[in-house]
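Here is the structure we will look at, set down as structure tokens.
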2 protein chains.
Amino acid sequence: MGVATSDFLSGPALPPAMSTLVADRLREMITRGVLAPGERLKETELAESMSVSRGPVREAISILERDGLIELQRHRGARVITLTYDDIEEVYSLRLAIERLAMERCAARITAETLAAMDEVIARMKALTGPHESGDHVALDLEFHDLVYEAADHTRLRRSWELLRGQVSMFLNARTDREDFRSSAWSEHAELREVLAAGDPAAAATAIEKHIGWTLRRIRQMRDTDLDQPAAGPLSGPGPEGKTGL
Amino acid sequence: MGVATSDFLSGPALPPAMSTLVADRLREMITRGVLAPGERLKETELAESMSVSRGPVREAISILERDGLIELQRHRGARVITLTYDDIEEVYSLRLAIERLAMERCAARITAETLAAMDEVIARMKALTGPHESGDHVALDLEFHDLVYEAADHTRLRRSWELLRGQVSMFLNARTDREDFRSSAWSEHAELREVLAAGDPAAAATAIEKHIGWTLRRIRQMRDTDLDQPAAGPLSGPGPEGKTGL
DNA sequence: TGATTGCACATTGTCAACAAGAAACAATTT
DNA sequence: AAATTGTTTCTTGTTGACAATGTGCAATCA
């Protein structure tokens, strides 16, 4: 983290755009289940509650639609997506395809700094024993994989990951509450770290196939049994109707 | 094409949104090189020339930014991207990763209708001999691969392809004018069609690795020689400055 | 003459009002 | 009573004006 050179020269000096702030807040609310699947996002309502006009809200909604977190229907507004197991199968099969590339490139470019950052994340995972805030498990899991994508040094690959990340987060947050999907077993990520440290792209690809493949197979099992059931419901909040506090 | 059942019931009854129309027009102009890399897109100017207000233009620009065709800088506006060989390497390496998945799924789900559509595209490719409109070659090439993604029946995969498609188009359009990058050899696509018809996912994956891998290797060669040169310049039009007719 | 500072212009970010379409409800008809 | 139709209300799509920021030129000073 701490870059030595004066932060105020490199950092974005200008206040971040309203639209991104709004989008970030909404994304957080959606992935953590505060806004339930199916719930409608009304522009006026959001604009009011965030003390901003409809313009930025509209852009934020457009961003979230790109991230695959909400569905847009012309003249009918935006709703939080409902993830079925078919959807999750899509997310994870695509994730496997792109993360293979990410791991290959990460292994080829890995630096001591990245490895250190990974170690730190793994240490924090290890520290989380027992039934802690499940959100923390998920956050750390994703943080690790963010590092992989970052180290892969591939702009378009990172953007593709952004397309999936929110939906993965949604799924994991909903899952780890109910049953253990063993999403953040620290030892698995430690294994990934070791393979990356070795610097062998082929081995890294194999490792991620194992890591994600396990979940993917499990998802396919669920899909074939609980046919068409939503895979990521609200944590505990209300259903499609009923205001969830903004 | 011709679906028997009344088209006016199935099709989108409502006029398409202005923003998508604007986006489509701009995308076409960018990928075909009418708008040169580096050229600025001024909201007011575009709004005026398309007889629409700045709102829809702004949304269109946001869409094109998502497609990776333009770069946005806060308070500094939008410019058409300049594709270096490093960029193209990114595009094609990622394309290989996702199209592998597309081919696998396509092979597993292929229908007679899809095969027929592919045959039709291949026939049109075959018909284009000699130095025809190079744009047509590129368009047919992409059309074939669109069919693959369509048949793969995977929403998120298709969206990832949309993220790359415009940049692939930009690159091919710029390339085929100068030297033959053999982008649309009909026989290659005929081979892909045959593999898909056989219905073997593994074979399909291997086939696309060969198909795209060839170009990818060639791109890496170019990158390592013509270091940092733009890979997709304007066809013939003016550079960053100078109005290119709207 | 060269660099720097201040000012005017151009362009984007944001806002508030208007127009068009969709959803919910009530009245009407069979 | 059920279904249909017309009306009202709500929400989004679009527009034009205003505020904030960046850019380039010109005047000023060393």
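Computed from a predicted structure; not experimentally measured. By convention in this document, chain letters (A, B, ...) are assigned in the order of the sequence lines, proteins followed by strands, and residues within each chain are numbered from 1.
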All side chain to side chain donor-acceptor pair (under 3.5 Å) counterparts of B/Thr114, not counting sequence neighbours: B/Thr111
Which nucleotide sits closest to the side chain of A/Val52: D/dT15, D/dT14, C/dC15? C/dC15
Partner set under side chain to side chain contact (heavy atoms under 4.5 Å, CB included) for A/Thr20, not counting sequence neighbours: A/Pro16, A/Ala17
Among residues at least two apart in sequence or on other chains, which ones pass side chain to side chain contact (heavy atoms under 4.5 Å, CB included) with B/Glu59? A/Arg58, B/Ser19
Separation of D/dA19 atom P from A/Met18 atom CE, nearest Å, is 16 Å
Residues at least two apart in sequence or cross-chain that pass side chain to side chain contact (heavy atoms under 4.5 Å, CB included) with B/Ala97, listed by chain then number, are A/Leu101
For nucleotides 6-12 of chain C, 5' to 3', base contacts (B), sugar-phosphate-only contacts (S) and non-contacts (-) with protein non-hydrogen atoms under 4.0 Å give -----SB
Please enumerate all residues that pass side chain to side chain contact (heavy atoms under 4.5 Å, CB included) together with A/Ala60, with sequence neighbours excluded. A/Val22, A/Ala23
